[in-house]
Each structure stands twice: as structure tokens, then as C-alpha cells.
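Structure record follows, encoded as C-alpha cells.
Bear in mind that the values here come from a model prediction, so they are computed numbers and not experimental data. Ligands are counted one by one from 1 in listed order, and the atoms in each one are counted from 1 as well. The residues of the chain are indexed from 1 along the displayed sequence.
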Amino acid sequence: MVKPSVLVTRRWPAAVEAQLAENYDTVLNTGDKPMSPADIRDALKRYDAVLPTVTDTLNAEALDVDGAQTKIIANYGVGYSHICEPSARELGMTVTNTPDVLSECTADIAMTLLLMVARRAGEGERELRSGNWTGWRPTHLVGTKVSGKTLGIIGFGRIGQQMARRAHHGFGMKIVVQNRSRVEPELLQQCNATQVDSVDDLLPQCDFVSLHCPGGAANRNLINARRLNLMKPDAFLINTARGEVIDEWALIQALMFEMIGGAALDVFDGEPRISPDLLQCDNLVMLPHLGSATREAREAMGFRVLDNLGDFFAGRAPRDRVI
Ligand code: DGY
């Protein structure tokens, strides 16, 4: 039997690549070079399945293909706002993602960022590495206590829920939640959380705000200058969702003029480009999109793609179909 042809757009964990090569007529991107929209367009004409990841651009231009060969885009990653939904639908393509398996690790990074910014860990490490540490003193790099404070979670999907568990059960934090739809009372009860109606209701109540909503046009600049103004002047903003959810210019102003306590970001609008102004902000911690970057999560994401492909080519509905 002829194996379906599959193109993988970036390097994946070795065990997953090996399994892909066994199951399919697989072309790997051994050079790990990002593909352009033109490369993606070309791939959609030649392969039965294209396996992109969250940093590939599958916008309307890349999906503007006559006679596509590809029937499934099996994305490596939970977010899929980089895939133009109307174009994928028009082409009749199935799109899948990789939820669940990265939720704990992404929440771990959100918690890491929360602790780092509250306790000024980034500043401390920079000081020490630059040889400027002059020793312990009562007023040195004094931060903010985390335990018992109020955490606002915007977007109460799987990752938001994991964040709530860590913050509530690990640090005794009070949890306030904003979510597009009503959250089941049992889910809220697990962390003694309260759901509020809107982002505007949530922001003024919180010492920390962590973003866990999807990216894309619907949530672009959800956190803008007006909303940053609604935060307490000593509150911290954490983003492990998508860069575009925050109006970066407004955040830079808020950090530079100390309108909020600080921020911690794992994702950036237009990443990997980082605004030079962000680099000037001492009250900011930044990581290079490490949310799911554990051996365990990255392998599990790959095997989840394999499950989705297996179902699709066996004529079953893939469990993680999003389009
Ligand atoms: C995702 O999966 O959407 C993350 O941003 C990368 O793990």
C-alpha cells in the first residue's frame, strides 16, 4: 500500500520523527530552517499532509493554492491562530492541534514567570552575572510576596485551569477567572475560584493577571492602554498565551512610567523580533517562548500529531480536529 506523503516543517523530537518516517512517506526539515509562505504553498500542492508548527505562517497568502494535494494540516502546538481559518475551510482541509499534553508544562512556565517578576529574579541574575552584586542588605532587590495574593486568570481553558491549581494549592492564592463562556461550578470549586463577567471587572481586583486566552484577531490588543490602567499600580501581568493579546507599545509605556508593578512575557507580537524598548524595562522578565519546552511535552505533542494523522488516514475523525 502506498503510504501518504507527509511534510514536517521544522525539526521535531527524534523519537517522533522516527515514528513518522516509519508510518509515512515523510520529508523532514533536517536543516530546521523556517519555511516561507511560498514554501508552504508549494508543500500544500505536493504532500497529503503538512505538519506545521505555531511559528509557521499559514495565512491567506500561504493558503491561496489551486488544486491542493494536502487534505490535513496537523499542527504541532495547541494554538492555531497562525492558520487562516476561512482559507483552510474553503480548501476543505482538516486542521488538528495538540491540546492537553502541554498544559501542565505551560502552566509551570507561567508560574515561573509570576514568581520571577514578583521576586525580581531576572534583575537579580543580571546583577550577579554582571559582577555588580555587593552583598546582602535589608533593602536589596526587595520584591513582592506571592502567597495569599489574588490571581486573575483570563481564559480558563486547560492551561488556565492548571495555572489556577498551582497558584491556589501551591501558594494559597485567591483565584478570579474571566472566560468567554460560563465555567462549570465544579471546575471553579476545585480552586475556590470566582468567575467575573468581563476583563474590566477582573483587572482592578488582582495582584497578578495571567493570560491564557487564544491569540488571533479576536483577542488582538485585548490588554490595551485603557485596560492596563484598570490594573492596580503594583500589579503584575504575565503572558504565556500569544504576543498579540497585549498592545506591546501600551505595555512599554506602562512599564516605563511604572503604571503597573511589572510584567513577565513568554510570547511576543512578531516574535522572535523583540522591541528594543522592552529590553530597557527592568521590571520585565522575558523568556523565548518556552511554555511547552520540556522533553516530555514536546514528545507528547509529536505523538499527538501522529494519533491525529493515524485517525485521519484510517478514515476516522481525529480527536483534536479544530477545523
Ligand atoms: C502552543 O502549542 O501553542 C505553544 O505556544 C507552543 O507550545
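- Looking at Ser275, its side chain does come within 3.5 Å of a backbone N or O of Asp277 through a donor-acceptor pair.
- Evaluation of the ring pair (Phe, Tyr, Trp, His ring centres under 6.0 Å) rule for Phe156 yields no partner, not counting sequence neighbours.
- The environment of CZ in Arg137 is crowded: more than 12 heavy-atom neighbours from other residues, nucleotides or ligands sit within 6.0 Å.
- In this structure, ligand 1 sits under 4.0 Å from heavy atoms belonging to Val54, Gly77, Val78, Gly79, Leu102, Arg242, His289, Ser292, Met301.
- A salt bridge does not link Arg227 to Asp247: none of the charged side-chain nitrogens sits closer than 4.0 Å to a carboxylate oxygen.
- Partners of Phe268 by ring pair (Phe, Tyr, Trp, His ring centres under 6.0 Å), not counting sequence neighbours: none found.
- Residues passing the ring pair (Phe, Tyr, Trp, His ring centres under 6.0 Å) test with Tyr80: none are found, sequence neighbours excluded.
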